[in-house]
Amino acid sequence: MRDVATEAGVSPMTVSNALTGRRPVSARTRQLVMETVERLGYQVNVAARSLRQGRTGVVGIAVPTLDSHYYSQLSHRLVRAFSQAGLATVVEETHASREGELAAFRDSRLNAYDGLVIAALGLTEREINALSREVPVVVLGEQELHQTVDHVSMPNVEGAEAATRLLVERGCRRLAVVGSPPLDDLEGTTIPEGPAFTLRAHGFRHVVRDSGVEATAVHSGVTQAAGAHCARLLLQQPETPDGIFCVTDTLAFGVVRGLADHGVRVPDDVLVVGFDDVEDARYHIPSLSSIAPDHAQLVDQAVQLLNRRIADPSAEPRDVTVGFQLVERESTTRPAERVHE
């Protein structure tokens with residue numbers, strides 16, 4: 001930098017300001033500095049700057065898997081948002097295990113990441129609280145963290161209630177939820193801590209209980225293949241459902257396929273609604289009605305909270321639940337209704 005300053009006839013501080021934009025310099029001076037940088041082949045020593053600032057400019061993103069519609073899109077959005085904020089990212093898969101999530105924290109510490117955004121499923125509140133002292137963290141998930149760390153969650157119960165009410169309002173009287181534990185296991189009025197799927201099942205159960213409709217639940221995994229298998233299980237029941245709520249869009253895609261394999265048409269014979277509103281939902285045949293959490297708000301809050309935590313480790317933790325909307329598409333619109341519209 002001193003060589004550039006000498007060659008350009010300016011101070012080293014002016015060179016620094018021209019390169020970083022930390023303080024304004026005239027357009028003419030900046031052009032002179034950049035031409036000198038290009039001519040001399042100067043490159044910023046990122047390692048030295050990181051040591052001086054105590055920052056690496058890298059954050060970690062840890063998700064259960066990248067082999068899913070939701071988490072792959074979430075990771076993409078986070079990478080893009082952090083890039084716009086001037087931060088590089090490293091994305092890791094935790095395989096939804098405690099060991100994988102512990103490894104994400106360990107890697108963040110050993111590689112001196114500035115912070116970590118993690119979709120935590122296996123760690124307890126006590127573990128997350130202890131690990132957050134070693135690296136700034138924002139948790140994405142449904143744990144009740146009692147405001148011990150920065151936390152962004154989805155509107156799971158409310159979204160599931162809206163999806164189920166749509167099916168009831170469209171005239172469905174035999175409902176099923178795919179991706180839920182048995183409904184008898186959800187007895188009680190309180191909503192326990194637990195995974196998003198359980199919370200969404202509670203939302204489904206609230207509506208069917210108040211509506212007086214028949215309801216059942218099936219669960220066989222989280223993939224499209226699992227959804228297709230669940231569809232076959234539902235078709236084996238004495239009374240097949242006329243409305244199905246799937247706790248993820250991925251399961252819904254599999255359910256529609258499984259129903260079609262047995263000659264059952266969506267939405268002619270049964271209505272289907274999902275949750276997450278992944279991009280494929282609008283292009284699926286039929287296009288899938290879904291609960292759309294505010295993905296932009298989720299990503300924006302995660303980035304803002306992590307940057308705030310990095311800048312001020314002692315800041316008061318925040319707990320944010322993002323909004324949602326119900327997006328109606330072909331899978332809950334019967335042909336007669338489409339003609340009428």
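Note that these values count all heavy atoms, side chains included, but never hydrogens, waters or copies made by symmetry. Keep in mind that this is a model prediction, so the values were computed, not measured.
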To check you understand the geometry: which heavy-atom pair defines the closest contact between [X] and [Y], and what is its length?
X: Ile310; Y: Val59; result: CD1-CG1, 4.4 Å
X: Gly221; Y: Leu251; result: O-CD2, 3.6 Å
X: Ser153; Y: Thr321; result: OG-OG1, 3.0 Å
X: Gln73; Y: Asp280; result: OE1-N, 4.4 Å
X: Thr148; Y: Pro317; result: O-CG, 3.7 Å
X: Thr332; Y: Ser289; result: OG1-OG, 2.6 Å

* Asked: So which residues get pulled into Val90's cluster when ILVMFWY side chains under 4.5 Å apart are joined, directly or through others?
  ->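 Taking Ile, Leu, Val, Met, Phe, Trp and Tyr as members, Val90 shares its hydrophobic cluster with Val58, Tyr113.
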* For Tyr283, which fellow cluster members are found when Ile, Leu, Val, Met, Phe, Trp and Tyr are connected by side-chain heavy-atom distances below 4.5 angstrom, either directly or through intermediates? ->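 Besides Tyr283, the hydrophobic cluster comprises nothing; the residue is isolated.
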Would you say [X] and [Y] are hydrophobically clustered, going by side-chain heavy atoms of ILVMFWY under 4.5 Å?
X: Val177; Y: Phe197; result: yes
X: Val91; Y: Val138; result: yes
X: Leu234; Y: Val213; result: yes

Does the distance from a Lys or Arg side-chain N to an Asp or Glu carboxylate O, for [X] and [Y], drop under 4.0 Å?
X: Arg170; Y: Glu328; answer: yes
X: Asp277; Y: Arg329; answer: yes
X: Asp261; Y: Arg232; answer: no

Quick one: does [X]'s side chain have a donor or acceptor within less than 3.5 Å of a partner on [Y]'s backbone?
X: Ser287; Y: Glu330; value: yes
X: Ser132; Y: Asn129; value: yes
X: Ser211; Y: Val207; value: yes
X: Asp249; Y: Ala281; value: no
X: Asp276; Y: Val278; value: no
X: Thr164; Y: Ala160; value: yes
X: Arg318; Y: His151; value: no
X: Glu214; Y: Leu175; value: no
X: Ser331; Y: Val272; value: yes
X: Glu127; Y: Thr124; value: yes

* Out of Val256, Leu288, Val178, Val273, which one pairs with Cys246 under the side chain to side chain contact (heavy atoms under 4.5 Å, CB included) rule? ->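 When side chain to side chain contact (heavy atoms under 4.5 Å, CB included) is applied between Cys246 and each of Val256, Leu288, Val178, Val273, only Val178 qualifies.
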* For Val270, the option from Ile244, Val255, Thr240 that meets side chain to side chain contact (heavy atoms under 4.5 Å, CB included) ->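 For Val270, the side chain to side chain contact (heavy atoms under 4.5 Å, CB included) check succeeds only for Ile244.
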* Take Ser11 and Thr14 through the test side-chain hydrogen bond (donor to acceptor under 3.5 Å, both in side chains) and record every step on the way to the result. => CA-CA 5 Å; Ser11 70; Thr14 298; 2.9 Å; yes
* Residues which pass ring-ring contact (aromatic ring centres under 6.0 Å, His included) with His69, listed by chain and number, not counting sequence neighbours ->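 Listed in chain order: Phe253.
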* Would you tell me whether Ser26 and Thr29 have side-chain atoms, one donor and one acceptor, within less than 3.5 Å of each other? =>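 Note: Ser26 and Thr29 side chains meet the donor-acceptor criterion.
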* Any residue meeting salt bridge (charged side-chain N to carboxylate O under 4.0 Å, His left out) with Glu239, in chain and number order, not counting sequence neighbours ->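 Here the qualifying residues are Arg174.
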* Report the residues that fulfil side chain to side chain contact (heavy atoms under 4.5 Å, CB included) with Glu93, sequence neighbours left out, ordered by chain and then residue number. =>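 Residues passing side chain to side chain contact (heavy atoms under 4.5 Å, CB included) with Glu93: Thr65, Leu66, His95.
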* To do: Mind jotting down which residue pairs meet the salt bridge (Lys or Arg N to Asp or Glu O under 4.0 Å) criterion with at least one end in residues 99-108? Sequence neighbours excluded, please.
  =>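 For residues 99-108: none.
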* Take atom CD1 of Ile285 as the centre, draw a 6.0 Å sphere, and report whether it contains more than 12 heavy atoms from other residues, nucleotides or ligands. =>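 It does not: Ile285 CD1 has 12 such atoms or fewer within range.
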* Are there more than 12 heavy atoms of other residues, nucleotides or ligands under 6.0 Å from atom CG of Asp67? ->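 Not more than 12 within 6.0 Å, no.
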Kindly compute the distance separating [atom1] ([X]) from [atom2] ([Y]), expressed to the nearest 0.5 Å.
X: Leu116; Y: Leu131; atom1: CG; atom2: CG; answer: 9.5 Å
X: Thr94; Y: Tyr71; atom1: OG1; atom2: OH; answer: 8.0 Å
X: Arg77; Y: Ser72; atom1: CZ; atom2: OG; answer: 9.0 Å

